[in-house]
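It should be emphasised that the depicted structure is a prediction, and the values quoted were computed from it without experimental measurement. Lettering of chains follows the sequences in order, A, B, ..., and the numbering in each one begins at 1.
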Number of protein chains: 2
Amino acid sequence: MQPALRDPNPPLTRSVEDYLKAIYHLSSQGGFAATSDIAAMLDVAPPSVSGMVKRLSETGLIEHVPYRGVQLTSQGRRAALRMIRRHRVLELYLTQHLGYDWGNVHAEAERLEHAVSDDLIERMANALGQPQYDPHGDPIPTAAGDIEEAELVALGEAPIGTKLELRQVGTQDPARLHYFAEQGLTPGVLLTVSERQPFNGPTTIALVPSGDPRVVGRELAQLLWCRALGT
Amino acid sequence: MQPALRDPNPPLTRSVEDYLKAIYHLSSQGGFAATSDIAAMLDVAPPSVSGMVKRLSETGLIEHVPYRGVQLTSQGRRAALRMIRRHRVLELYLTQHLGYDWGNVHAEAERLEHAVSDDLIERMANALGQPQYDPHGDPIPTAAGDIEEAELVALGEAPIGTKLELRQVGTQDPARLHYFAEQGLTPGVLLTVSERQPFNGPTTIALVPSGDPRVVGRELAQLLWCRALGT
DNA sequence: CGTAGGTGTTAGTCTATACTAATTCGAGGA
DNA sequence: TCCTCGAATTAGTATAGACTAACACCTACG
């Protein structure tokens, strides 16, 4: 009997998948994800990140420029988008079919995304009618790995008077999500900015077509991402 | 800052949960589960079992008698039944709500049972109407940890002429499960034994009320567990 | 009643992932 | 231009869980 050979293409472990997702999110804007930011996002110590970064670049999932940061390779990006599809399909399924509210799905999906099969995800996606967005309005990558890149503007920066569609709610914090839901601020809602206080004050908006007003503080207004629909 | 204390009551890891389930199944008949049987069931080497057995008895989940085997403590039994509830609720949910067939649910449930929350399992159980049996007819433990102990007889041993209800199908092998399903032999079906060949030959049965006959080979007849319903 | 063969356990090693402590790098202010 | 300080990396260690090889225990058979 030969000594057992190592599987040359092992399934990704839980941790690896988490690192790839974190790097995807951190490098989606600027080019490189910093070690310390990855550490903060995953709640591990920076040396743990250095160690994992070494392993991931050896397997070709990321590109590492020492003291600068890391970027996903196309293979790493594909793996990250697969996890993001799983996460978002799970979140939507749990809210639509099992009565979860959008403030509580995140933790559950976070654990399940590592355990489900691709088959199960596709069955859930079919049961949901191949949805494009998760409960927070984030786009769901396709099974092929394509993701919509939307042109969105934060409510706190949006021009006054323009008609807007609320598209994404950029937080997973249950308390904030409950608050937004109470205020009727969920993806798909139409609104216009009627007034904005200077010096980082709150933004006042009106829902469309009802005209109901809402006042949204500066910090929260930065979490609500909108698509401009013209005047 | 104090040196970080170890969590005195850590969540069970994937492996620990698998060991407890295996020990539960192996010791449900006789008193002790043997090291080598546990190793075979989990597909690990015997010394791995010895190592885990030491850890599990230190944490009070099992009782170990060296060279004899192991038994669950009441705490270990509770943990095992919790996993079995998860597994069986998941299997039923996947078949009822996501179109899985009973031959393919096992592997999926095996992975998910370690990742789901108690909350999710209870939501699934509610969506299913607090079911008592999984797709194979195995009883689902309650959330409180009680499990039905049924008086069942294998079809190969059942008396001739008595009315029987097929209650459990004792295999997870997809090929056999497909075959049983084709033959209409699923939990809940009523039947009687019309004839049995001597010397370990096949059993001939008639479905009730249709009277359709089936011939079931010796080995398969040992997998079909029935409840006697009187004459 | 003693031993052979199998089952169980111990000893020692490996990998993945984490940690702390110590060290090195590099960019921005004096 | 040089130095300093925060960020990143290396060094060394720990833990869970697996493995192989070697040793110990039991029992059933001759």
Can you list everything that forms a side-chain contact (heavy atoms from CB on, under 4.5 Å) with [X]? Sequence neighbours excluded, please.
X: A40(B); answer: none
X: A143(B); answer: R85(B), E122(B)
X: S36(A); answer: A34(A)
X: S117(B); answer: Y100(A), E108(A), R111(A), D119(B), L120(B)

Close N or O pairs between protein and nucleotides 1-6 of chain D (under 3.5 Å):
none

[N] [atom2] sits how many Å from [X] [atom1], rounded?
X: R68(B); N: dT9(C); atom1: CZ; atom2: P; answer: 12 Å
X: L42(A); N: dT17(C); atom1: CG; atom2: P; answer: 12 Å
X: D18(A); N: dT17(C); atom1: CG; atom2: P; answer: 11 Å
X: L12(B); N: dA16(D); atom1: CG; atom2: P; answer: 13 Å

So ring pair (Phe, Tyr, Trp, His ring centres under 6.0 Å) across residues 50-99 of chain A, not counting sequence neighbours, yields H87(A)-H106(A), Y93(A)-H97(A)
Taking 4.0 Å as the cut-off, does a side-chain nitrogen or oxygen of H64(B) come that near to OP1 or OP2 on dT9(C)? yes
Between CG of L20(B) and CD1 of I38(B), what distance do you get to the nearest 0.5 Å? 10.0 Å
Using a 4.0 Å heavy-atom cut-off to protein, can you give one letter per nucleotide of nucleotides 17-24 of chain D, 5' to 3': B if the base is in contact, S if only the sugar-phosphate is, - if neither? SSBBB---
Mind checking whether T186(A) and W102(A) have side chains closer than 4.5 Å, heavy atoms only? yes
Does any pair with a residue in residues 15-24 of chain A pass salt bridge (charged side-chain N to carboxylate O under 4.0 Å, His left out), and if so which ones, sequence neighbours excluded? R14(A)-D18(A), K21(A)-E110(A), K21(A)-E113(A)
Can you list every salt bridge (charged side-chain N to carboxylate O under 4.0 Å, His left out) pair that touches residues 59-82 of chain B, not counting sequence neighbours? R82(B)-D118(B)
Show which side-chain atoms of residues 217-226 of chain A pair as donor or acceptor with protein atoms under 3.5 Å away, not counting sequence neighbours.
from, atom 1, to, atom 2, distance (Å)
E219(A), OE2, R176(A), NH2, 2.6
Q222(A), NE2, E157(A), OE2, 3.3

Which part of the nucleic acid, if any, lies within reach of S50(A) when heavy atoms closer than 4.0 Å are counted: base, sugar-phosphate only, or nothing? base
Over the length of the helix from dC1(C)-dG30(D) to dA30(C)-dT1(D), how much do the five-pair end axes diverge, rounded to 10 degrees? 20°
Can you list every pair that meets side-chain hydrogen bond (donor to acceptor under 3.5 Å, both in side chains) and has a residue in residues 130-147 of chain B, with sequence neighbours left out? E91(B)-H136(B), N126(B)-Q130(B), Y133(B)-E148(B), H136(B)-Q172(B)
